[in-house]
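First the structure, in the form of C-alpha cells, and then the observations on it.
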Amino acid sequence: MLGIIALLKWLFGRRKENIEKKAGPAVSNCVFSILFIGLLLIPAFVFTGYKGLPVSGSHPVAEASAILIDRSRTDPFEQDGSFREVPVHFYYPADAADGGQFPLVVFSHGAFGYYQSNTSTYMELASNGYVVAALDHPHHAFFTEDTARKTVIVDTGFFQTAMASNGDPNDNAEANFSRFREWMDLRTADMNFAVDTLEAAGISGSFDSSWFLPADNADTILSVLKLVDLTKIGLMGHSMGGATAVQLGRERDDISAVIDLDGTMLGEYTGVENGKLTIREEAYPVPVLEFNNWETYNDRKEYLAQGGRYPNDELIRGAAEGYAVTVRDTQHMDFTDLPLLSPLLGKMLGSGERGCEETMTIVNGLALDFFNHTLKGEGAFSVQEIY
C-alpha cells in the first residue's frame, strides 16, 4: 500500500512540475498519470450504468454496440496479422420509427480515453434527435474488447511516444511531426472506415463481413441505421479524438460540421521547415467549433506573443465558419465526464476549479446548438469567447 501511495504522489508531483507546456499538443496533459492510476483503478473507468447528466430532449435514449472489422488493414499493434477492429457504440432515440430523420454524430475519444468518456454529451444529443456513434481506437484506448472477447489495453509504445511529445512541438520538430502523422493516420483510417461502413449499411439495409454483431443486436442496429439521415453527418472528439474529427472534416465531402473538445489539431501540421513545424494554410471547408481549457488558453496567449504559431488558431481564423470557446477555470479532463464519475480522480488527472457538471452543461448545450444549426438548419449560432 505504501508503494502505491508513493507512486501516486510521484505521478501527481511530476505532472504539476511540467506546467511549461505552452502550446504543446493537448493529447497528454495527464497521460502518464492516466496509465498508471488506471491500472490501479480499472473499475473506476468502467462507466457501466453511468448515464451522465440530466438531458434536455424529449426522446428516451437507448444503446447498442458492434465491432467493425476493417479487412483492408492489419492491426499494426498485433503480431498475428489480424485485421484492424473498431468497436462502435450507438446512442439513439428509442421511440423513433424508421424514416431516416436524424443526423449522425461520430465521436472519437482522446489518448488513453474510452468510448464512454463523454456519455453525457451522447445522451444530450440523442435525447434531442441525433444518432451518436462513439468509437473505440484499440491500443490508443485505455481499454476495449475485441471480437475474441479479449480485453485490449493501451499500447505501451504509444504511451511512450505520447509522453515524448510534451512541450513545445517545435522542439525536435522532425520527430514530433512523424509521431503526429502516425497517430493521425491510424485514427483517421479508423474513423473513415467507421463512417464508410455505417453509410454502406444504412444505404443497403444489410450487413457485410465488416460487421461483428451480438446475436441480439443485429436487428436493433439495422433499425438504428435506418433512422440516420446520411446527408447530415457531424464529427466530434476529445483531445486526440478532436484532432481526428478535424482532419476528417477537411478530407471528406460528406461531413457537415465538426467539434473539437480541447484537442490540438495535429493534422494541420504539414511538415518541417527550418526546424519549425509548418501549418496548413487552406481555408477549412465546414463549420467547426473548438473548445479550449482555461490553462491552455492562457499558455497559448503567451506562446503566440512570443511569435509562436498554433494550428487551432490558424484554422479557426481561416475557416468560413469557425468558432472558438474557452471555459474559464478548467483543465483538459473537464471536457469529459471523468470528473463527474470520480471527482477525486478527475482532480488528480487534470480538472480545474470550475465544477465539471457546470462545464459539461455548457459544452453539451453549445454542442447541441451548433449541431442544430449546422446539421438541422435550426436558427443562427453564436458564442462568447469565454464562458
Side-chain angles (χ1 to χ4, degrees), residues 59 61-73 83-108 115 122 125-138 147 185-237 241 244-259 285-288 370-378:
H59 295 285
V61 179
E63 303 174 31
S65 299
I67 299 176
L68 307 180
I69 306 169
D70 187 350
R71 301 182 186 277
S72 70
R73 291 187 294 155
F83 296 124
R84 179 70 175 169
E85 298 181 0
V86 182
V88 57
H89 310 269
F90 297 95
Y91 297 76
Y92 59 95
D95 59 346
D98 292 353
Q101 68 265 33
F102 298 132
L104 172 68
V105 174
V106 183
F107 189 97
S108 173
Y115 83 90
Y122 317 149
L125 291 173
S127 78
N128 280 279
Y130 290 83
V131 174
V132 180
L135 309 180
D136 269 328
H137 299 276
T147 53
D185 286 349
L186 179 77
R187 281 174 163 259
T188 55
D190 285 352
M191 202 175 213
N192 262 321
F193 169 65
V195 175
D196 287 344
T197 304
L198 297 180
E199 286 181 340
I203 292 169
S204 69
S206 62
F207 298 116
D208 61 18
S209 61
S210 300
W211 290 82
F212 178 83
L213 295 152
D216 59 346
N217 265 11
D219 290 344
T220 297
I221 291 177
L222 195 58
S223 68
V224 172
L225 294 175
K226 290 179 180 178
L227 297 174
V228 173
D229 183 346
L230 293 172
T231 68
K232 298 176 180 179
I233 301 177
L235 303 180
M236 186 176 187
T244 304
V246 167
Q247 185 168 333
L248 256 68
R250 186 180 283 283
E251 295 176 355
R252 297 183 66 107
D253 60 8
D254 56 355
I255 304 304
S256 299
V258 173
I259 296 178
V286 298
V288 57
F370 177 72
F371 282 140
N372 282 346
H373 166 65
T374 55
L375 300 183
K376 292 186 176 181
E378 295 179 357

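- Classification of R73 and D190 as a salt-bridged pair holds, one side-chain N sitting under 4.0 Å from a carboxylate O.
- Of all heavy-atom pairs spanning V61 and S127, the tightest one is CG2-N, 3.7 Å.
- Under a 3.5 Å cut-off, the side chain of E85 and the backbone N or O of T147 do form a donor-acceptor pair.
- Interatomic distance, CG of D208 versus CG of L68, reported as 9.5 Å (0.5 Å rounding).
- The shortest distance between side-chain heavy atoms of I221 and F207 falls below 4.5 Å.
- Taking CE from M191 and CD1 from I255, the interatomic distance works out to 8.0 Å, rounded to the nearest 0.5 Å.
- Across all non-hydrogen atoms, the minimal contact from G249 to V286 is O-CG2, 4.0 Å.
- The nearest pair of heavy atoms linking L135 to Y115 is O-CB, 3.7 Å.
- D229 places a side-chain N or O within donor-acceptor distance of the main-chain N or O of T231, the cut-off being under 3.5 Å.
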Evaluate the side-chain contact (heavy atoms from CB on, under 4.5 Å) criterion for residues V132 and M236: first the C-alpha distance (whole Å), next the side-chain angles of each, then the deciding distance (0.1 Å), finally the verdict. CA-CA 10 Å; V132 180; M236 186 176 187; over 6 Å; no
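- Of the candidates L104, V106, V105, V106 is the only one forming a side-chain contact (heavy atoms from CB on, under 4.5 Å) with L235.
- Ring geometry for Y130 against F371 counts as tilted: the plane angle lies between 30° and 60°, on a 0 to 90° scale.
- With sequence neighbours excluded, the residues forming a side-chain contact (heavy atoms from CB on, under 4.5 Å) with P285 are R250, listed by chain and number.
- Atoms OG1 and NE2, on T188 and H137 in that order, are 9.5 Å from each other to the nearest 0.5 Å.
- Closest approach of P87 and P138 over heavy atoms only: CD-CG, 3.8 Å.
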Between side-chain atoms of residues 194-203 and protein atoms elsewhere (two or more places apart, or another chain), which donor-acceptor pairs fall under 3.5 Å?
residue, atom, partner, partner atom, Å
D196, OD1, R252, NH1, 3.0
D196, OD1, R252, NH2, 2.8
T197, OG1, F193, O, 2.7

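- V86 places none of its side-chain heavy atoms less than 4.5 Å from the side chain of D70.
- To the nearest 0.5 Å, atoms CG (L375) and NZ (K232) are separated by 8.0 Å.
- In this structure, Y92 has its ring center at least 6.0 angstrom away from the ring center of F102.
- For the residue pair A62 and A94, the shortest heavy atom distance occurs at CB-CB, 3.7 Å.
- Closest heavy-atom contact between A66 and L213: CB-CD2, 3.6 Å.
- One distance of note links OH of Y91 with OG of S65; it measures 7.0 Å at 0.5 Å rounding.
- Under the side-chain contact (heavy atoms from CB on, under 4.5 Å) criterion, P287 pairs with E321, F370, T374, not counting sequence neighbours.
- Between the side chain of D95 and the backbone N or O of H59 there is no donor-acceptor pair closer than 3.5 Å.
- Put simply, CD on E378 and CG on N128 are 9.0 Å apart, with the number rounded to the nearest 0.5 Å.
- No more than 12 heavy atoms of other residues, nucleotides or ligands lie within 6.0 Å of CG in D219, so this atom counts as exposed by the packing criterion.
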